[in-house]
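Each remark here refers to the structure printed beneath this line.
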Number of protein chains: 2
Amino acid sequence: MSIPTSGSHLTASAGSRNEQTRRHNLSTLLTLVHHHGALSRAELTKLTGLNRSTIGALNTELAAAGFVFESAALESGTVGRPSPMVNPSAGIVALAINPDIDAIEVGAVGLGGKVLVRARRATDSVPTPDEALDIALELIEDVRAQLPDGVSVIGVGVAVPGLVETSTGMVTRAPHLGWQDVAWGEQLSDALGLPVQVGNDAAVAVVAVAVFGAGQGAADLMYLNGSASGIGGGVIAGGTRLVGANGFAGELGHTLVNSEGVDCYCGRTGCLETEVNLNRLQAAAEVAGISAADAVAQLGSPAPEPFESEVDREADVLAHGIANLISVFNPEAVVLGGFLGDLYGARQERIRAGVLADAFAPLGDNVRIERARLGDELLLVGAAELAFGPLLHDPSGWKAQA
Amino acid sequence: MSIPTSGSHLTASAGSRNEQTRRHNLSTLLTLVHHHGALSRAELTKLTGLNRSTIGALNTELAAAGFVFESAALESGTVGRPSPMVNPSAGIVALAINPDIDAIEVGAVGLGGKVLVRARRATDSVPTPDEALDIALELIEDVRAQLPDGVSVIGVGVAVPGLVETSTGMVTRAPHLGWQDVAWGEQLSDALGLPVQVGNDAAVAVVAVAVFGAGQGAADLMYLNGSASGIGGGVIAGGTRLVGANGFAGELGHTLVNSEGVDCYCGRTGCLETEVNLNRLQAAAEVAGISAADAVAQLGSPAPEPFESEVDREADVLAHGIANLISVFNPEAVVLGGFLGDLYGARQERIRAGVLADAFAPLGDNVRIERARLGDELLLVGAAELAFGPLLHDPSGWKAQA
DNA sequence: CTTCGTTTGTGGTCGAAACGAACATAACCT
DNA sequence: AGGTTATGTTCGTTTCGACCACAAACGAAG
């Protein structure tokens, strides 16, 4: 027996130069510190397998560029010379924007993934692209004004509820916003003079979950988010987000869960999102004398029929759907956000048991099911991650700007 | 707007040494030549982006090790000095083994993916692990005897119809063979004194499809294979095989296609494999006066009821199932093998139309649906690829043995 | 309480590995 | 013969690791 080879890329192509090694190592180091938080130099040496000298040199370069700073060692209590900590610099900031149907939200996120400043403006109606752009620019001004002196904004990440062409920043189709073929990324970039990355909100969220949220550390992860507009989601497989040939992979809301179910706008019948559905939950709540607005809050406590049975039904269908997807992806963790998280909170045992009963024998046993943790910061953190991408990928290319 | 970042690994960790560059480049070159076939040095230069000098040096090293050989340039008809071709050496061979319920098959596959020699022995009953091992060893002796002098066997790849622990070569559970917790890989390795890699047959097949078969060149690919024992499959996503946390991802035969369907042994109801099923097809054939053995052959030609309707039904369900999976994976190509390939051959338009009608709007349009091409060589080529893995990953590590 | 050994880790210099640039040359077409 | 495309070789640059000297913590012995 020898080296296992699974997981290697089948399509080899790009050659590697000598200087790419440096780029890769700088990227690795900065990414580690950004995702994991402060790490000692000794820990970095162990994690990367690189030589102390090399770590030292790389570190000096990152510190000189202002991306990290060193601080005194923690009081460890162990023998030996203490190793200084390498911290992500909070002076490096990404702006995150989330235009949605009822509000525009903007945040400033520091390297390390902490949200430093937030601003939100509710809108009376669904904003047009131009309105959203104007509001976003105003909010950005507010946010930047609140940032301490000396921070440098390295870019902007946008999370849009719709299909996005990531390479151009074009919003191809955002049905809930009513946007179509809008070059929002380019317009924003022109107005700000900053690089802008645009992504789908679910795709952005799953990255946040994987890097800073409940899915931290899992290389294989499913994220399902329930909102008024349906169920979105995303998948991390082998440490990489599942993208698909056209960037549309991971439409988990449209997996079949009940052939006898309700017709879905996607043209099919009995999709997960038509069967596990916030509107249906709220409708049942109102019949039971609970206001639609309180439906989610009431999930935990005993409630009159038909609300109780509807909650049970949705929990069962959700479990069935998760089990179905587990046999496809064999994930390490399943993270539930939005009202799916609330549903799970209220029917944890029922859903867990349903998944175990339904999933292919060995797969269900080891799966970690969890609620999303980052709450309303999820999209901001994820969008910022989009903006941090180029920096993390090639720190040396950014030295000039810092 | 700037560099797109999708597809990058979220979990950075391993540092890169200077010598890894060489390993990576050698690997890239050898993999290109192995997968793509003979390439000129100039083409290699363009594909890898490396310097001519470097390509020359790498090439010399690979040739010295005996993995490739140079030959005269093709008569191109273009101006300029002709560039010599770099060919995969057929003197480097991997052995491939496929123990199945009714036969053991062994093949010798050369670098470049060509099957050089095959041997097969049918068994009267399902072979025990020991029986299978003995037969395999005999067949291997036959095969090696037929190989020309001077070829070197670099390893063995095994495709097993069951769950496999790839790191140890342990067959955890192979229900159709009735094997459980068999250290087949280790036994084989001990008997032969060669490195042995064991993999699941579907996983192995999808790699063959992606590298040498109908899915060639597709970075996002779904493969579905129909056999008497059900529907197996695998997924290539972003150029890598979908593995999952425990190596069990891609159980595509157990996605739900009909909640009102037949109970499946997996515990659920209406799985793709219970609804699109060879036995049901054969049963319908017999009622229609066609022998079970001829059922698949009759797929193309008009046939009496109820066979005709059963074929239509299975085609429709297959289309529905494919559409469902397309919305999850957004693949570039879908490849159908076994009787699914025959079914597609007979009902191509119907299945295509069904997929288009059912799939999420933009996703179905671009998908290439194809029949598997490598036929009964598929598993051998795939298993050999398993054996080639370590060599392709690190050619310099193998120089000594050549 | 001081001292000294042990442990763990940093800093700096030097050498080795690997790739790219530049120049000279070779082979093909028109 | 001239233009075009490609190879081969030498030399310089980049980058990492090995090695040696030294620093900072703990703890045991005097």
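Throughout, protein chains are lettered first and strands after them, A, B, ... in sequence-line order, and every chain is numbered starting at 1. Keep in mind that what you see is a predicted model, and the values were worked out from it rather than measured.
Which of C:dA18, C:dG20, D:dT15 sits closest to the side chain of B:Leu50 comes down to C:dG20. Here the nucleotide nearest the side chain of B:Ser83, chosen from D:dC16, C:dG9, D:dA6, is D:dA6. Distances from the side chain of B:Lys46 to the nucleotides D:dA6, D:dT5, D:dT15 place D:dA6 closest.
For D:dT15, the OP1/OP2 oxygens have no side-chain nitrogen or oxygen of A:Asn25 closer than 4.0 Å. Considering only side-chain N and O atoms, B:Arg81 lies nowhere under 4.0 angstrom from the phosphate OP1 or OP2 of D:dG8. Between A:Ser53 and D:dG17, a side-chain N or O to OP1/OP2 separation shorter than 4.0 Å is absent.
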Each nucleotide N or O in nucleotides 11-14 of chain D that has a protein N or O under 3.5 Å away: list the pair and distance.
unit_1	atom_1	unit_2	atom_2	d
D:dT14	O2	A:Asn18	ND2	3.1

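The closest side-chain heavy-atom distance from A:Asn87 to A:Val33 is not below 4.5 Å.
Between A:Gln20 atom CD and D:dC16 atom C1' there is a gap of 16 Å when expressed in whole angstrom units. B:Leu44 places its CG atom 12 Å from the P atom of D:dA6, with the value rounded to the nearest Å. D:dT15 atom P lies 9 Å from atom CG of A:Leu26, rounded to whole Å. Rounded to whole Å, atom P of D:dG8 lies 12 Å from atom CZ of B:Arg52. For the pair B:Arg41 CZ and D:dT5 P, the interatomic distance rounds to 18 Å; values are reported in whole Å. Remark: C1' of C:dA17 and CG of B:Leu58 are 13 Å apart, rounded to the nearest angstrom.
Screening residues 78-92 of chain A for salt bridge (Lys or Arg N to Asp or Glu O under 4.0 Å), with sequence neighbours left out, gives no hits.
Judged by closest nucleotide on DNA chain D, B:Asn51 is the one of A:Ala57 and B:Asn51 placed further toward the 5' end. Sequence order on DNA chain D of the closest nucleotides to A:Arg23 and B:Pro82 puts B:Pro82 first from the 5' end.
End-to-end axis angle of the helix from C:dC1-D:dG30 to C:dT30-D:dA1, using five pairs per end and rounding to 10°, comes to 0°.
Contact annotation: side chain of A:Thr78 to base of C:dT7, donor-acceptor pair absent below 3.5 Å.
No donor-acceptor contact under 3.5 angstrom links the side chains of B:His35 and B:Gln216, judged on distance only. Between the side chains of A:Glu332 and A:Asn366, not a single donor N or O lies within less than 3.5 Å of an accepting N or O. Using modelled atom types and a 3.5 Å distance limit, the side chains of B:Asn25 and B:Ser27 yield no donor-acceptor pair.
In plain terms, the two heavy atoms of B:Thr48 and B:Thr28 that are nearest each other are CG2-CG2, 4.1 Å. Taking all atoms of both residues into account, the shortest heavy-atom contact from B:Ala108 to B:Leu147 is CB-CD2, 3.8 Å.
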### Query
Can A:Ser40 and A:Glu43 be said to form a side chain to side chain donor-acceptor pair (under 3.5 Å), step by step?
CA-CA 5 Å; A:Ser40 75; A:Glu43 286 171 311; 3.3 Å; yes
### Verdict with supporting geometry, B:Phe212 and B:His36, ring-ring contact (aromatic ring centres under 6.0 Å, His included)
CA-CA 8 Å; B:Phe212 297 110; B:His36 186 282; over 10 Å; no
